[in-house]
2 protein chains.
Amino acid sequence: MKTRDRILDISLTLFNQEGEAALSAVDIANALDMSPGNLYYHFKGKEPIIEALFGRFEDEMAIILNGTHGAVESIEDNWVFVYIVLEEIYDFRFFYRNVGELVGQYPALAKRFRKVLAMKRRAIDSVLSVLEQRNMMSIDKRLRAALIDQLVSTLTFWLSFDVVEGTDRSGPRLIHDTVLRFMLQIVPYMGADGQAVLERMLERHRQMVSA
Amino acid sequence: MKTRDRILDISLTLFNQEGEAALSAVDIANALDMSPGNLYYHFKGKEPIIEALFGRFEDEMAIILNGTHGAVESIEDNWVFVYIVLEEIYDFRFFYRNVGELVGQYPALAKRFRKVLAMKRRAIDSVLSVLEQRNMMSIDKRLRAALIDQLVSTLTFWLSFDVVEGTDRSGPRLIHDTVLRFMLQIVPYMGADGQAVLERMLERHRQMVSA
DNA sequence: GTCTATAACGGGATAGAC
DNA sequence: GTCTATCCCGTTATAGAC
């Protein structure tokens with residue numbers, strides 16, 4: 001199974017670099033100094049490769065999202081948690097640079113993508129609940145549902161947003177900026193502590209970015 | 001110039017129905033009972049057609065965004081304003097169903113898309129300013145910038161979000177839901193009035209949806 | 001301005017030798 | 001498992017008739 005993994009590794013790299021649409025199965029074969037026929041022996045085209053890559057992503061995302069967040073309490077914990085999620089997404093960024101496209105083109109992928117979305121939603125819900133229990137935030141029930149939607153949307157479209165805006169930020173910088181953007185959405189529901197939390201977040205962001 | 005317009009009309013319809021990627025120049029010609037060669041006489045391929053369609057969109061968007069919003073004061077005015085913007089986007093929805101893709105594929109479009117983005121940003125900024133002047137909302141300067149980002153992001157990715165979520169809502173329903181989602185993001189900054197405004201918005205949304 | 005016909009290209013996919 | 005050779009197909013693009 002070594003060739004199979006080599007194919008997946010190089011495909012992920014190329015897809016992230018050039019975008020999924022820019023590459024044909026033949027391009028991938030060329031990058032591996034491999035004949036198209038040989039590639040087709042392992043994967044019957046681009047689609048199964050993408051499916052296999054999504055499998056990898058799914059697995060790692062499940063570990064992150066279903067694992068740790070019982071331990072997420074402080075703002076700093078939350079920061080790290082969101083950072084890890086975004087980093088994982090960044091490793092498979094070609095899925096996110098044009099979600100709509102992929103979901104439209106590969107219906108099988110759409111289903112699985114929605115499952116990941118649901119996992120994100122549950123994780124956020126659970127983290128918010130912890131914050132509420134500790135009286136670190138309080139929010140109207142209706143607004144809470146909308147907030148979760150917004151946060152899921154942020155986790156899903158931050159890379160597209162960056163593409164559209166055309167700001168040419170490095171990966172780590174983009175991730176830090178997005179963590180901040182994510183966290184700031186929670187601040188207004190932190191009541192009197194909000195102001196202090198905001199300052200801490202901005203300070204933390206400054207540190208991270210200048211590092 | 002009549003054939004030219006017929007081409008643009010049918011292209012817009014088809015792109016919205018099937019997606020930009022799903023259609024070739026030949027498909028468009030077929031839909032018009034026209035030979036591919038004839039189509040190429042008017043537009044040298046798909047790209048110039050898309051550029052021309054974006055020109056239409058740009059023009060109408062500029063009228064909406066730069067025009068009315070001096071008159072936007074009450075919550076109801078805002079609701080209508082956002083509704084009109086979303087409706088216009090919906091008319092050219094193929095641009096928005098996978099923004100990342102189009103922007104990546106047609107660099108010329110990217111620039112123009114960013115201009116529209118900037119127009120949206122200015123319009124939102126200006127509306128928020130009005131609300132602030134009337135003491136209908138108050139918001140920390142740093143959070144304000146983030147809020148505007150979030151609102152622009154909502155206006156840009158609501159259609160992609162719908163595609164990804166796979167909820168099969170009708171156009172008008174989707175637009176109403178999105179207006180609500182947009183407006184709810186402002187509520188937390190309305191202070192004591194927030195609760196009442198929230199109820200009014202939800203009530204309005206119920207009316208709109210059941211109509 | 002509109003049409004038909006056709007050339008040129010590239011990707012997807014497979015057969016069969018090694 | 002890997003390779004070469006090849007076929008099929010849809011898209012792009014142009015030449016030239018009407």
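Below, chain A is the first sequence line, B the second, and so on; all start at residue 1. These numbers were taken from a predicted model, which means no experiment stands behind them.
Taking 4.0 angstrom as the limit, Asn38(A) places none of its side-chain polar atoms (N or O) nearer than this to OP1 or OP2 of dG1(D). Thr3(B) has a side-chain polar atom (N or O) that falls below the 4.0 Å cut-off from OP1 or OP2 of dT2(C).
Look at CD1 on Ile28(B): it is 13 Å from P on dA13(D), rounded to the nearest Å. As a whole-Å value, the separation of Ile49(B) CD1 from dA13(D) P is 12 Å. Remark: P of dT2(C) and CG of Leu39(B) are 11 Å apart, rounded to the nearest angstrom. Between the CE atom of Met34(B) and the P atom of dG1(C) there is a distance of 12 Å, given to the nearest Å. The interatomic distance linking Asp33(A) (CG) with dT4(D) (C1') rounds to 15 Å, in whole Å. The nearest whole Å value for the distance from the CG atom in Leu32(B) to the P atom in dT2(C) is 11 Å.
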Return all side-chain donor-acceptor pairs below 3.5 angstrom for residues 53-63 of chain B, not counting sequence neighbours, or 'none' if the list is empty.
| unit_1 | atom_1 | unit_2 | atom_2 | d |
| --- | --- | --- | --- | --- |
| Arg56(B) | NH1 | Asp9(B) | OD1 | 3.0 |
| Arg56(B) | NH2 | Asp9(B) | OD1 | 3.1 |
| Glu58(B) | OE1 | Arg112(B) | NE | 3.4 |
| Glu58(B) | OE1 | Arg112(B) | NH2 | 2.8 |
| Glu58(B) | OE2 | Arg112(B) | NE | 3.1 |

Sequence neighbours left out, cut at 3.5 Å: what donor-acceptor pairs do the side chains of residues 202-211 of chain B make with other protein atoms?
| unit_1 | atom_1 | unit_2 | atom_2 | d |
| --- | --- | --- | --- | --- |
| Glu203(B) | OE1 | Arg206(B) | NE | 3.4 |
| Glu203(B) | OE1 | Arg206(B) | NH2 | 3.1 |
| Glu203(B) | OE2 | Gln207(B) | NE2 | 3.3 |
| His205(B) | NE2 | Asp177(B) | OD1 | 2.7 |
| Ser210(B) | OG | Arg206(B) | O | 3.1 |
| Ser210(B) | OG | Gln207(B) | O | 3.2 |

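Relative ring orientation between Phe161(A) and Phe157(B) is described as perpendicular, the plane-to-plane angle rising above 60° on a 0-90° scale split at 30° and 60°.
The list of side chain to side chain donor-acceptor pair (under 3.5 Å) pairs with a residue in residues 34-44 of chain A, not counting sequence neighbours, is empty.
For Tyr83(B), the ring-ring contact (aromatic ring centres under 6.0 Å, His included) test picks out His176(B), with sequence neighbours left out. Taking Arg144(A) as the reference, Asp125(A), Ser129(A), Glu132(A) meet the side-chain hydrogen bond (donor to acceptor under 3.5 Å, both in side chains) condition, with sequence neighbours excluded.
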Exercise. What string of B, S and - do you get for nucleotides 12-18 of chain C 5' to 3' if you count protein non-hydrogen atoms under 4.0 Å?
Worked result: SBB----

